[in-house]
Q: 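Got a structure here, written out as structure tokens. Questions coming.
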Amino acid sequence: MVADRSYRSYTTYRPYTAILCPFLMTLTDLQQKLRDRIRSAARETFGVEVQQLSVEAPPRAELGDLAFPVSFELAKLIKQATGEKQNPRAIAERLKSQLEDIDEVSRVEIAGAGYINVFFDRARLLNLFAGPTRSVPKQLDQPKQMVEHTSINPNKAAHIGHVRNAVLGDTFVRILKAAGDRVEVQNYIDNTGVQVADVVVGFLHLEQMDLNQIKALDASLNKDYPFDYYCWDLYTRVGLFYRDGNAGGDMNPEKVKLRNDVLHALEEGGNEIAELADYVATRNVECIIDTMERLGIRYDLLARESDILHLHFWERAFQLMKDKGVIRYETAGRHAGCWVMPFESHTGTDEHESDKIIVRSNRTVTYTGKDIAYQLWKLGKLGLDFNYKVFRDYPDGHVLWVTKTEPGTERPQFGGGVTVYNVIDSRQSYPQEIVARGVAAVVPEIGEDASVHFSYEMVALSPAACEELGIELSDEDRSRPYIEMSGRKGLGVKADDLINQLEAGALTEVEKRNPDLSENDKKATAHEVAVAALRYFLLKFTRNTVIAFDFKEALSFEGETGPYCQYAAVRTNSIFRKLGNETVAAADALIEQVVSDGALQARVAEVLSGDSGTEIWSLLMLSQQLEEVIAQCRNSAEPANLAKYTFALARSFSRFYHDHRIITEEDEVRRGVLIAVTKVIRTQLTNALAILGINVPEQM
RNA sequence: GCACUCGUAGCUCAGUUGGAUAGAGCGUCUGACUUCGAAUCAGAAGGUCGCAGGUUCGAGCCCUGCCGGGUGCACCA
């Protein structure tokens with residue numbers, strides 16, 4: 001029986017870990033050591049320099065712990081350098097002895113057409129992995145990574161698509177932090193846009209309410225139907241209102257004028273409508289932040305568009321763009337009177353078809369223009385700054401700030417990131433590309449790579465999900481693979497509704513399994529399970545996969561789900577709860593002696609050999625890949641890798657748990673090994689889950 | 001029309017600079033609870049990796065063409 005090897009991981013060299021704590025070695029360090037040895041051996045033996053040196057996990061545990069396909073690469077290099085043709089297998093044979101000298105390596109085999117397969121000294125590595133772990137160093141002087149996510153229009157409740165954005169962004173933030181990065185999290189608040197204006201039109205012209213009446217309404221709403229839910233419904237009513245009650249009809253120009261009037265009032269600021277809109281937007285932001293808090297998602301700064309306008313960020317950016325010749329004024333053609341950003345790379349049939357308008361002929365700025373200004377600020381290249389005030393203080397000391405226009409004494413350092421990740425759905429990839437190019441044109445030294453569009457596909461509704469929601473579909477919609485959610489049409493699954501449903505489902509399960517828990521503990525546990533289910537569900541898909549939302553799948557706690565992973569971690573905890581401190585201490589002491597006691601080392605090696613031992617060993621090796629999986633997720637900006645890895649680890653542990661009795665094991669050495677392995681898995685699995693934003697309850 | 005993206009088991013999806021016998025979950029079928037908690041584990045069935053060429057010692061992955069989904073290409077935000 002062989003443990004799960006399906007999760008295969010490859011390493012990337014990370015210079016910033018190699019310099020730390022030389023006495024605490026991780027699997028990543030060990031791999032690096034082997035690579036260095038191969039590089040120097042290739043240099044000395046064949047006189048060639050290997051550029052990229054990949055490490056693989058062999059497909060089956062019997063083939064070894066690490067595989068280097070370097071001989072194939074070397075054969076090419078040698079041929080290039082000398083013209084001499086060498087057999088990859090022969091090359092591998094000559095490198096073999098160099099690796100066998102290393103302490104942690106027990107033997108090396110050449111396999112297949114020339115793979116160099118390395119087998120580790122299992123007892124020795126168990127000792128290493130079970131020893132003290134290295135914590136991620138916090139380097140405050142490190143360059144800052146900026147991540148913007150969530151950025152929901154503050155005119156309605158968040159739906160499941162918004163949650164995908166927030167969970168992806170938040171998990172990526174956790175990945176960056178786990179990799180040792182300094183990170184600042186922003187949530188952009190478009191409080192002067194059309195969507196807020198629409199809800200304001202609703203309050204003013206449908207509800208005939210003034211600010212005081214809205215406040216009174218807000219105070220009268222209960223938590224089952226809060227302010228953002230009210231706005232959700234009002235927003236869809238406004239959509240119909242514009243179209244004179246016909247959802248598919250055209251906009252009535254007179255009613256559109258109402259929207260434009262509100263919009264102008266918002267942009268101007270300092271009037272009653274703007275004050276009313278500010279209340280509505282701020283209340284929606286509060287509701288959305290509360291929703292995200294339920295999922296463990298937080299921010300450092302809320303950057304408001306109204307402050308970008310009033311602090312004249314755009315005017316500064318406009319000046320910079322003119323100075324650098326990034327935009328030009330068109331005097332003729334169909335863009336006459338506009339400032340445009342020319343694009344030569346596109347080969348449109350029209351001469352200037354692909355030019356992007358930044359300032360319209362009526363002298364207003366496009367969204368892209370404003371975005372370039374904001375992006376310049378994020379990168380510390382605008383030369384202007386916001387003012388700030390505290391938006392919310394959390395009990396644990398975290399502080400959420402919000403921008404403001406009026407000067408203030410408090411002025412923390414925000415912005416000025418070396419890289420900016422914008423978590424925005426893939427439909428925005430064209431405008432995002434223009435922002436990146438515009439910024440790079442203004443500040444050539446930072447280049448386009450400083451602006452990263454962290455794109456993801458939308459969450460859509462499966463036809464089945466629509467039926468469950470009681471949404472009537474047209475024949476055209478029914479033939480589609482999925483139906484896009486629409487805030488304007490009120491078509492979507494509200495985030496809080498789904499979380500409530502998940503919590504209720506989890507509570508039923510918890511009550512079944514742990515009837516003796518207090519009501520509060522049951523609820524708290526159900527909450528953690530619900531968060532695990534939702535976050536994992538949204539993370540297990542890669543970013544460019546459209547999620548066709550399915551209730552059955554999202555509400556499941558079995559199979560490849562968050563609760564499954566949680567459950568495995570809960571089991572590790574319950575083992576230690578039952579073991580007792582002395583037994584654990586004895587196991588620790590035993591494993592610690594392995595390096596100095598030859599007889600003991602042989603016994604431990606014996607436990608880790610054979611089919612059963614190899615399964616245990618494979619689990620241990622898998623657990624040590626967390627560090628490189630984090631690095632890989634950081635480089636690829638793909639949190640799904642971590643989700644898949646975590647599941648593979650939980651799965652592998654579940655099998656181990658099933659195959660071995662840990663507490664009742666009578667053989668002292670064997671028990672020591674099983675306990676040490678369980679302890680290592682508990683640490684790694686709990687850490688991996690924490691990065692996914694999933695907590696491990698005591699029981700579940 | 002142009003650009004981007006996807007097409008892998010009945011369904012939903014992984015599959016990393018090309019590398020060893022293409023993997024999970026769900027569903028179906030067969031087993032395992034006098035339990036370190038079955039939200040679990042074991043086993044079986046299930047594949048022309050959209051199609052056709054090409055490059056390579058080697059292609060699910062790279063190149064070309066085609067077919068079929070999706071998204072984006074406004075003086076909207």
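All values below come from the heavy atoms of this structure, side chains included, with hydrogens, waters and symmetry mates left out. Proteins get letters first, then strands, A, B, ... in listed order; numbering begins at 1 in each.
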Q: Any salt bridge linking A:Asp550 with A:Lys552? Criterion: basic side-chain nitrogen under 4.0 Å from a carboxylate oxygen.
A: no
Q: Under 30°, 30 to 60°, or over 60°: which ring-plane class applies to A:Phe454 and A:Phe172, parallel, tilted or perpendicular?
A: tilted
Q: Return the stems involving RNA chain B, sorted by first number, where pairs are Watson-Crick (N1-N3 with N6-O4 or O6-N4) or G-U wobble (N1-O2 and O6-N3), both under 3.5 Å, and runs are 3 or more long.
A: B:1-7 with B:67-73, B:10-13 with B:23-26, B:28-32 with B:40-44, B:50-54 with B:62-66
Q: Just say parallel, tilted or perpendicular for the rings of A:Phe549 and A:Phe551, cut-offs at 30° and 60°.
A: perpendicular
Q: Tabulate protein N/O versus nucleotide N/O from nucleotides 28-35 of chain B, keeping only pairs under 3.5 Å, one per line.
A:
none

Q: Check every strand shown and say whether A:Asn514 touches a base, only sugar-phosphate, or nothing at a heavy-atom separation below 4.0 Å.
A: base
Q: Please list, chain by chain and in numerical order, all residues satisfying salt bridge (charged side-chain N to carboxylate O under 4.0 Å, His left out) with A:Arg571, sequence neighbours excluded.
A: none
Q: At less than 4.0 Å, is any side-chain N or O atom of A:Asn544 found next to OP1 or OP2 of B:U5? Yes or no.
A: no
Q: Look at the side chain of A:Ser361 against the base of B:C75 and say whether a donor-acceptor pair falls under 3.5 Å; ignore hydrogens and angles.
A: yes
Q: Are any protein N/O atoms closer than 3.5 Å to N/O atoms in nucleotides 9-13 of chain B? If there are, list each pair with its distance.
A:
| unit_1 | atom_1 | unit_2 | atom_2 | d |
| --- | --- | --- | --- | --- |
| B:C13 | OP1 | A:Val546 | O | 3.2 |

Q: Report yes if a donor N or O on one partner sits less than 3.5 Å from an acceptor N or O on the other, where the partners are the side chain of A:Arg513 and the base of B:A39; otherwise report no.
A: yes
Q: With centres under 5.5 Å and planes under 30°, do A:Tyr115 and B:A20 count as stacked?
A: yes
Q: What pairs with A:Glu698 under salt bridge (charged side-chain N to carboxylate O under 4.0 Å, His left out), at least two apart in sequence or on another chain?
A: A:Arg577
Q: Round to a whole Å and report the spacing from CD1 of A:Ile116 to C1' of B:A20.
A: 15 Å
Q: Rounding to an integer number of Å, can you tell me how far A:Leu622 CG sits from B:G23 P?
A: 16 Å
Q: Below 3.5 Å is the cut-off: list the nitrogen or oxygen pairs between protein and nucleotides 55-63 of chain B, distance only.
A:
none

Q: Going by an N to O cut-off under 4.0 Å, is there a salt bridge joining A:Arg671 and A:Glu668?
A: no
Q: Report the relative orientation of the aromatic rings in A:Phe656 and A:Phe653; use parallel for angles under 30°, tilted for 30 to 60°, perpendicular for over 60°.
A: tilted
Q: B:C41, OP1 or OP2 - any side-chain N/O from A:Tyr564 closer than 4.0 Å?
A: yes
Q: Just checking A:Val359: base, sugar-phosphate only, or nothing, at a heavy-atom cut-off of under 4.0 Å?
A: nothing
Q: For the base of B:A42, is there a side-chain donor-acceptor partner from A:Asp659 under 3.5 Å away?
A: no
